[in-house]
A.B. asks: 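Okay, handing you the structure first.
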Amino acid sequence: MPFDTELTRRLGIAVPVVQGGMQHVGYAEMASAVSNAGGLGIITALIFPEPEGLRQEIRKCRKLTSKPFGVNITLLPALVPPNYEAYAQVIIDEGVKIVETAGNSPGPVISKLKKAGCIVLHKCTTIRHAQSAVKLGVDFLSIDGFECAGHVGESDITNFILLSKARQTLKVPFIASGGFADGQGLAAALCLGACGVNMGTRFLCTVESPIHHNIKEQIVKAQETDTTLVLRRWRNTTRLYKNKVTEQALKVEQESKTGEFSEIAPYVSGKRGREVFLNGDPEYGVWTAGQVIGLINDIPTCKDLVARIEKEAEDTLKERLALVKPAPKL
């Protein structure tokens, strides 16, 4: 039975599940597989060094699916930042109407997208940042709990609290991100006030995910304790899969006398992380993974995964509703 939430209605999808933007992963093949399965697939804009590359990927995705899909733009600190507005212009020119944004100072990009009639989902790790995003006119908030992969923020608030706080304080619909892998999680998020969930690590471990099969098998073997946090010293805290390289990075972070980022930079290189997904060696470099790796036990197709999540969520909600019994008549 299709779900009917604010997310499914506004985005035109059948199941309230979003495949979040993922560097080195969010290509057309991945996004289209999720969209064809009934969720919302997302292309990651900054995979492509130039906006023109994103244009070609959007066109490829259109050939692979007739369903809605989106594009992610993440604004991160950089010595030479990308031309974010040029990427946004490509999204607008190509007629993509759903955009996931994240990162620092997104105001100008969000404003440009909204003027063009795009639906904007903005990722936040705190309620304070969410409230700021509401003022920028975003349509949905993606509330990112401390369990998530990648940039976790500096507040360390897990989703059980964060989602309830969002329900109490926000006037804009929100989805839950970080720690979701199954239908029970989706049901819980809906009960806490979310209108859907965002999943990254779970989609990373699917047949269509464009990473080496060895890494998918490593995720299946992993426990929820197999991630670690780095870069807290520089207030850029990031959750990564725990391996020899992250251990070396942490050692530098904890023991550096100067606090110069250049000392740790070789260990947290994105280039080495990309090679992990290509060569299949989980120890070669750093790669992002959420604590949800402890809940992932298989490598399904996106179609099977989304269908399973839909059924599990429906069954879970019905079972829990059955716990409420009419009061006995006196």
A.B. asks: Does a donor on one side chain and an acceptor on the other come within less than 3.5 Å for His129 and Thr126?
C.D. replies: yes
A.B. asks: State whether a side-chain donor-acceptor pair under 3.5 Å links Thr258 with Glu263.
C.D. replies: yes
A.B. asks: Under a 3.5 Å threshold, yes or no: a donor from one side chain and an acceptor from the other, between Thr125 and Asp144?
C.D. replies: no
A.B. asks: Is Lys251 reaching over with its side chain to a backbone N or O of Ser256, donor-acceptor style, under 3.5 angstrom?
C.D. replies: no
A.B. asks: Working to the nearest 0.5 angstrom, can you tell me the gap between Asp139 CG and Lys114 NZ?
C.D. replies: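 One finds 3.0 Å between CG of Asp139 and NZ of Lys114.
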A.B. asks: Can you check whether Asn72's main-chain N or O pairs, donor with acceptor, with Glu100's side chain at less than 3.5 Å?
C.D. replies: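 Such a contact is absent between Glu100 side chain and Asn72 backbone.
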A.B. asks: So how far is it from Arg10 CZ to Cys195 SG, rounded to the nearest 0.5 Å?
C.D. replies: 9.5 Å
A.B. asks: Report yes or no: do Gln218 and Asn214 form a side-chain donor-acceptor pair below 3.5 Å?
C.D. replies: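 No, no side-chain donor-acceptor contact under 3.5 Å.
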A.B. asks: Would you call Arg232 and Glu253 a salt bridge, using N to O less than 4.0 angstrom?
C.D. replies: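 Between Glu253 and Arg232 there is no salt bridge, as every charged N stays at least 4.0 Å from the carboxylate O atoms.
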A.B. asks: Does the Lys NZ or Arg CZ of Arg167 fall within the cation-pi geometry relative to Phe174 - under 6.0 Å from the ring centre and within 45° of the axis?
C.D. replies: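 Not satisfied by the 6.0 Å and 45° rule.
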A.B. asks: Going by the rule salt bridge (Lys or Arg N to Asp or Glu O under 4.0 Å), which residues pair with Asp182 if we only count those two or more places apart in sequence or in a different chain?
C.D. replies: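 For Asp182 there are no salt bridge (Lys or Arg N to Asp or Glu O under 4.0 Å) partners, ignoring immediate neighbours.
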A.B. asks: Has Arg272 got its NZ or CZ under 6.0 Å from the middle of the six-membered ring of Tyr284, at an angle within 45 degrees of the ring axis?
C.D. replies: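 Flagged: Arg272 positioned over aromatic ring of Tyr284.
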A.B. asks: Give a yes-or-no answer on whether the side chains of Asn236 and His151 include a donor-acceptor pair shorter than 3.5 Å.
C.D. replies: yes
A.B. asks: Do the side-chain N and O atoms of Glu52 and Gln56 include a donor-acceptor pair separated by under 3.5 angstrom?
C.D. replies: yes
A.B. asks: Can a side-chain donor-acceptor contact be found between Gln291 and Thr227 if the only test is distance below 3.5 angstrom?
C.D. replies: no
A.B. asks: With Ser142, which residues qualify under side chain to side chain donor-acceptor pair (under 3.5 Å), at least two apart?
C.D. replies: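 Listed in chain order: nothing, the list is empty.
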